[in-house]
Colleague: 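Provided herewith is a single structure, encoded as structure tokens, for subsequent inquiry.
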2 protein chains.
Amino acid sequence: MDTQQTPADADAGEDFAFDVLAQRCPSRPVLEHITGRWGSLVLIALREKPARFNELRRRVGGVSEKMLAQGLHALERDGFVAREVHSTIPPRVEYSLTPLGSQTAEMLWELIMHLEYAMPHVLRSQQSYDAAASAEA
Amino acid sequence: MDTQQTPADADAGEDFAFDVLAQRCPSRPVLEHITGRWGSLVLIALREKPARFNELRRRVGGVSEKMLAQGLHALERDGFVAREVHSTIPPRVEYSLTPLGSQTAEMLWELIMHLEYAMPHVLRSQQSYDAAASAEA
DNA sequence: CAGTATCCGAGAGGATACTG
DNA sequence: CAGTATCCTCTCGGATACTG
């Protein structure tokens, strides 16, 4: 990354909030690629180590070929994932995280860890919510 | 949060990776609530300060009543958002972040800031990808 | 104001078959 | 193995109208 700003600009970041929320910014689709149903899981799966297509497919539970290919294309296009082709027989294609992808995966990982940690709390909240909902019905 | 584990348990977290990827865990839907198209934006929008329904709707660009209501319900059920009803006329309902929601919003915020910061890089990556794609076509 | 109910189109996403 | 192409379904999500 060789942008002009420095991370110390974080305070100027409040401006970005408006941008993201105002949906006229180009970052929304990208955000959805990395947070979407499969995008996040692919990044997490690649976090450990690079993988080939079917290996990746096994690593991420429940993803179809179509969705995996689609997700990988999007992430490659956005520059989060690198694709390396070895033109052998049988073909061998390795997917790995770029530095940017690696940073992003790390942040996603923290988010997921936070979430897993909070899950007991969440489940209890869901139960009381459902109990209250069925009580008034 | 009053779970048993401490944040220092982070190393045990690698076990969670498998859980999330294996899609047999209850955290997937919750992850989708907070990372989904509107969920993340609602959390970000509430990060600054609590808001009422229509105020929130104005703050998040492009969200429909239906999706906002749906997202708020999910987030409330999961315990990220608190809903406070003032039975007046006209009715007044305030949405705010719970402590858990606040932590989560903060992590999302960091992710989005990271993304905004990386956007120039991403856009360039997209351009070269598209150029290469149309070149071979 | 704060929603719910309904209808409808578009796209997400899965299963299968096929190609290099 | 590493995908693409096709079909089909089902949910997402927007617009509109209505209620308390």
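In what follows, every chain begins at residue 1, and chains take the letters A, B, ... in the order their sequences are listed.
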Colleague: Does A:Arg28 pair with A:Glu32 as a salt bridge, N-O distance under 4.0 Å?
Modeller: no
Colleague: So, is B:Tyr95 near the phosphate of C:dC1, with a side-chain N or O under 4.0 Å from OP1 or OP2?
Modeller: no
Colleague: Nearest to the A:Arg83 side chain among D:dG13, C:dA2, D:dG3, which nucleotide is it?
Modeller: D:dG3
Colleague: Output one letter per nucleotide in nucleotides 15-20 of chain D: B when a protein non-hydrogen atom lies under 4.0 Å from the base, S when only the sugar-phosphate is that close, - when neither is.
Modeller: B-B--B
Colleague: B:Glu32 CD to D:dT11 P: how many Å, rounded?
Modeller: 14 Å
Colleague: Quick one: list whatever passes side-chain hydrogen bond (donor to acceptor under 3.5 Å, both in side chains) with B:Thr98, sequence neighbours left out.
Modeller: none
Colleague: Does B:Arg92 have any salt bridge (Lys or Arg N to Asp or Glu O under 4.0 Å) partners at least two apart in sequence or in another chain, and if so, which?
Modeller: B:Glu94
Colleague: Compile the donor-acceptor pairs under 3.5 Å between side chains in residues 73-85 of chain B and protein atoms, sequence neighbours left out, one pair per line.
Modeller:
| from | atom 1 | to | atom 2 | distance (Å) |
| --- | --- | --- | --- | --- |
| B:Arg77 | NH1 | A:Asp130 | OD1 | 2.8 |
| B:Arg77 | NH1 | A:Asp130 | OD2 | 2.4 |
| B:Asp78 | OD1 | A:Gln126 | NE2 | 2.7 |
| B:Asp78 | OD2 | B:His33 | ND1 | 2.5 |

Colleague: What integer distance in Å separates B:Glu55:CD from C:dC1:P?
Modeller: 11 Å
Colleague: Where the side chain of A:Phe53 is defined as all heavy atoms beyond and including C-beta, which of C:dA2, D:dG13, D:dA2 is the nearest nucleotide?
Modeller: D:dA2
Colleague: Just compare C:dA2, C:dG13, D:dG13 and give me whichever is closest to any side-chain atom of A:Arg37.
Modeller: C:dG13
Colleague: Applying side-chain contact (heavy atoms from CB on, under 4.5 Å), can you list everything that pairs with A:Gln127, at least two apart in sequence or on another chain?
Modeller: none
Colleague: Go through residues 69-81 of chain B and report each residue with a non-hydrogen atom lying under 4.0 Å from DNA chain C, sorted by number.
Modeller: B:Ala69, B:His73
Colleague: Mind calculating the distance between CG (B:Leu68) and P (C:dG3) to the nearest angstrom?
Modeller: 9 Å
Colleague: Is there a side-chain contact between A:Arg59 and A:Lys49 in this structure, where contact means two heavy atoms from C-beta onward sitting under 4.5 Å apart?
Modeller: yes
Colleague: Run the side-chain contact (heavy atoms from CB on, under 4.5 Å) test against A:Ser102 and tell me which residues pass, sequence neighbours left out.
Modeller: A:Leu97
Colleague: Applying side-chain hydrogen bond (donor to acceptor under 3.5 Å, both in side chains), name anything that partners A:Ser27, two or more places apart in sequence or on another chain.
Modeller: B:Glu116
Colleague: For B:Met67 and C:dG3, give me the distance from atom CE to atom P, rounded to whole Å.
Modeller: 15 Å
Colleague: Please determine whether a side-chain nitrogen or oxygen atom of A:Arg92 lies at a distance below 4.0 Å from atom OP1 or OP2 of D:dG3.
Modeller: no
Colleague: Note every stem involving DNA chain C: at least three consecutive Watson-Crick or G-U wobble pairs, i with j then i+1 with j-1, with both distances under 3.5 Å.
Modeller: C:1-20 with D:1-20
Colleague: Tell me, please, which residues at least two apart from B:Thr104 pass side-chain hydrogen bond (donor to acceptor under 3.5 Å, both in side chains).
Modeller: A:His114
Colleague: What is the distance, rounded to the nearest whole Å, between atom CD of A:Glu84 and atom C1' of D:dA2?
Modeller: 15 Å
Colleague: Using salt bridge (Lys or Arg N to Asp or Glu O under 4.0 Å) as the criterion, list what pairs up with B:Glu110, not counting sequence neighbours.
Modeller: none
Colleague: So, using side-chain hydrogen bond (donor to acceptor under 3.5 Å, both in side chains) as the criterion, who are the partners of A:Glu106 when residues are at least two apart?
Modeller: A:Arg47
Colleague: Measuring only between side-chain heavy atoms, which start at C-beta, is A:Val63 closer than 4.5 Å to A:Leu41?
Modeller: no
Colleague: Name the closest nucleotide to the A:Arg52 side chain, picking from D:dG13, D:dC1, D:dG3.
Modeller: D:dC1
Colleague: Could you give the NE2-to-P distance, from B:His33 to D:dG13, as a whole number of Å?
Modeller: 11 Å
